[in-house]
Amino acid sequence: NQDFALWGERVAEIGARGGFPVVDLLPAFRAGGDPAALYWREDSHCRAAGYRLIGVGASSALAALGSAAGLPAGERLDR
């Protein structure tokens with residue numbers, strides 16, 4: 001009966017205190033459709049679609065952070 005959304009909030013708070021960004025992908029997984037297509041129920045490891053979601057979500061978030069820091073824009077990976 002854990003609220004996994006709280007984990008993202010807690011880690012974001014730690015990141016804010018430490019001055020580093022945190023990318024919470026739980027909302028993307030919840031919106032990602034059929035959980036069985038995203039990860040293995042038996043051991044929670046991702047399937048290919050879940051790893052793609054992680055890659056696209058993380059790279060998009062990090063690209064936005066880089067733009068905010070004045071770094072040059074890279075190639076988009078979410079196509």
In this structure, CG of Leu38 is separated from NE2 of His45 (nearest 0.5 Å) by 15.0 Å
For residues 15-40, the side-chain hydrogen bond (donor to acceptor under 3.5 Å, both in side chains) pairs (sequence neighbours left out) are Tyr39-Arg41
Closest non-hydrogen atoms of Leu53 and Ala28, given as atom of the first, atom of the second and distance, are CD1-O, 3.5 Å
Minimal heavy-atom distance between Ala49 and Ala37, with the atoms involved, is CB-O, 3.4 Å
Is there a donor-acceptor pair closer than 3.5 Å between any side-chain N or O of Ser60 and the backbone N or O of Gly57? no
To the nearest 0.5 Å, atom CD of Glu9 lies from atom CG of Leu26 at 10.0 Å
Worksheet item: In terms of hydrophobic clustering (I, L, V, M, F, W, Y; side-chain heavy atoms under 4.5 Å; direct or indirect links), are Val11 and Val23 co-clustered?
Response: no
What one should report as the nearest heavy-atom pair of Leu65 and Pro21 is CD1-CB, 3.3 Å
To the nearest 0.5 Å, atom CZ of Phe29 lies from atom CD1 of Ile54 at 4.0 Å
